[in-house]
Undergrad: 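Pasting a structure here, questions to come.
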Amino acid sequence: MTALLEIKDLVVEFSTPGGTIRAANAVSYDVNPGEIVAVVGESGSGKSVTALSILRLIPDPPGRVCGGEILFQGENLLQYNEEQIRQVRGRRIGMIFQEPMTSLNPVLSIGRQMTEAMRLHLGLTAAQADAKAIDLLKLVGISDPESRLKAYPHHLSGGMRQRVMIAMALSCDPPLIIADEPTTALDVTIQAQILELMKDLCRRLGVALVIITHNLGIVARYADRVNVMYAGRVVERGGAREIYRRPSHPYTIGLLNSVPRLDRPRGSPLDPIPGNPPDLTLLPSGCAFQPRCTHCTAHCAAEAPALLPLGQEHWSACFESEGLYGVAAK
Amino acid sequence: MTQEAVLDRAGAAPRRSSGWARFASLILADKKALVGLVILSLFVVAAVLGPVLSPYDPNAMDFDMIVGPSWTHPLGTDDLGRDLLSRLIVGTQISLFVGVSTVAIALVLGVGLGVLAGYLGGWVDHVIMRYIDLQWAFPNFIIAVYLVAVLGTGLVNVIVAISLAFVDDFARIARSMVLSIKEEQYIAAARTVGVSDFRIMWRHILPNATAPIIVQATVSVSYAILGEASLSFLGLGVEAATPTWGLILSESRSFISRAWWLGIFPGLAIMLTVLSINFLGDALRDFLDVREGRGI
């Protein structure tokens, strides 16, 4: 199966007063048609920057894509001109943002905002677009869709707004949707509903989904494959079950250990990763995770490990992976 | 799912009536707006039906010079024996036209420049804003006087001059609004669905910036009417015989100690017009702001 989206060695730099930082440092991952891929990492790991680069939405300046390829359906999006990339946005790749409260224009009706992409990309008339918008609102489980079209964003709750955002992302039947922390701003109960809805719709409509998140619970439940990112690099990749069963990068192991779990005794302390997230202007030589790593050796300080295959559908960027592979997390 | 469905019903979308019906109900609920609408309607009627309504020919002279209000001349007569009421009624047309058309031109030009400068940034912003700064450094009236001196007198030139003098106010307001709105996430979201820069500027950003622009516009209408009056007073406005409020007012200055009516009534006309436009502007701003708690 050829990949729908293939990111190869993407490098994105930002110039800041503190110096140039590499927010994405040779990031590679791919997404197959109809697949749900999670990109996991803490704040500043480069997961959102990579996603924004796909739609060429990195603000330039200060940001700049300085290397790599983003192949979507076989074509390099980085070589598209402004007009061509606009035909991709919304039409071939949909995007869902983190904050449903601020992602809808407060002074335009829901209908206006929903139909805009369809009229723009599919050339529908106002009546056709309205009809399709009503269908989409039904699809994402919003009651009374006809009157919702005339409503304004402040009439809707956070969960409903995120449903509207999902409907908008689906409106032009794109083969790929990128969801950047789609549930972070929502209540826990609504989070589950929204994720369930997204998974269900993607499966039903055959849409591939990239979920960017820092929530490992989401990964376990909804993703087919996982890319773990740290300091602008993918440090571990594999099937979701595989990563959970046999995490082989110390960072992934640390993330999994720091999640509260029902099968451990109540009241037992969490096991956080020591140290702070890295300062991208002051990355250590060699492996970026080395200062916080409990498995660090002299080798790690000298050389940055490459992302190498470890087993069936499993890659890890750590010199110690062989030893960690197969040892289940605590 | 079921829970969300219940929530859905609790906050059912409001049934929105048509725009006109909503505007009408808003005006009826707002006493100030109602007063403004009534007064302005009277002036508009006077402007449209001016020649029919006025009891005398506004330029017909008579030997009843500087006569106070009476049954024959309800608002008195001026130094040439012309009926003040007739002159004010006919003048309504010109004054309203000057006020509204200058603001319309200034608004379109100023908002256009301001939105371009704020949204595009970079050298476009620099070029536009340095010009605006330059204009900002001079009082509006000086600029209008200068422009009339260059263009020549006459009604059209007065309108052009006053509107160009007001461009900087609108450009500044529009630019500052755009600068903050363009960073909002819904603008980024619009970009992700492939909306062009042009559409983002006019269809997504501008509707969020209407409130301060409308306030500025209503204030500017009053300044425009006064500006025309000032220019006319200096002999830089419309021709001497043309009955405009400003001209009548400035001509009255010579007789201010003998004929109070010559100053009071044109001043009252200007004041009432400005007041009613401001009242209506407030209501219009509330109407256009969909966020303001009508709904749930």
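Every chain is numbered from 1, with letters handed out A, B, ... down the list of sequences. Atoms considered below: every heavy atom in the structure, side chains included; atoms not considered: hydrogens, waters and symmetry mates.
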Undergrad: Under the side chain to side chain contact (heavy atoms under 4.5 Å, CB included) criterion, do B/Thr192 and A/Phe97 qualify, and how do the steps go?
TA: CA-CA 10 Å; B/Thr192 64; A/Phe97 280 103; 3.6 Å; yes

Undergrad: Under a 4.5 Å heavy-atom cutoff, which of A/Ser103, A/Ser171, A/Gly94 has the most pairs with chain B?
TA: A/Ser103

Undergrad: Other residues, nucleotides and ligands only: do more than 12 of their heavy atoms fall within 6.0 Å of OH on A/Tyr80?
TA: yes

Undergrad: Given heavy-atom pairs under 4.5 angstrom as the criterion, report whether the side chain, backbone, both or neither of A/Leu120 touches chain B.
TA: side chain

Undergrad: What part of A/Arg112 gets within 4.5 angstrom of chain B, counting heavy atoms only: side chain, backbone, both, or neither?
TA: side chain

Undergrad: What's the shortest heavy-atom distance between B/Gln185 and A/Gln98, and which atoms?
TA: NE2-N, 4.3 Å

Undergrad: Just checking A/Tyr222: does its OH atom have more than 12 heavy atoms from other residues, nucleotides or ligands closer to it than 6.0 angstrom?
TA: yes

Undergrad: Considering only heavy atoms, which portion of B/Thr210 lies under 4.5 Å from any heavy atom of chain A: side chain, backbone, both, or neither?
TA: neither

Undergrad: Is it the case that the side chain of A/His121 and the backbone of B/Val193 share a donor-acceptor pair, with hydrogens and angles ignored and the cut-off at 3.5 Å?
TA: yes

Undergrad: Looking at CG of A/Asn105 and CD1 of B/Ile187, how far apart are the two atoms once the value is rounded to the nearest 0.5 Å?
TA: 5.5 Å

Undergrad: Before accepting this row, confirm whether a basic side-chain N of the pair A/Glu116/B/Arg199 lies closer than 4.0 Å to the acidic partner's carboxylate O.
TA: yes

Undergrad: Is it true that, when you exclude A/Arg221 itself, more than 12 heavy atoms of the residues, nucleotides or ligands shown sit nearer than 6.0 Å to its CZ?
TA: no

Undergrad: Checking B/Ala190 against chain A: side chain, backbone, both or neither under 4.5 Å from a heavy atom?
TA: neither

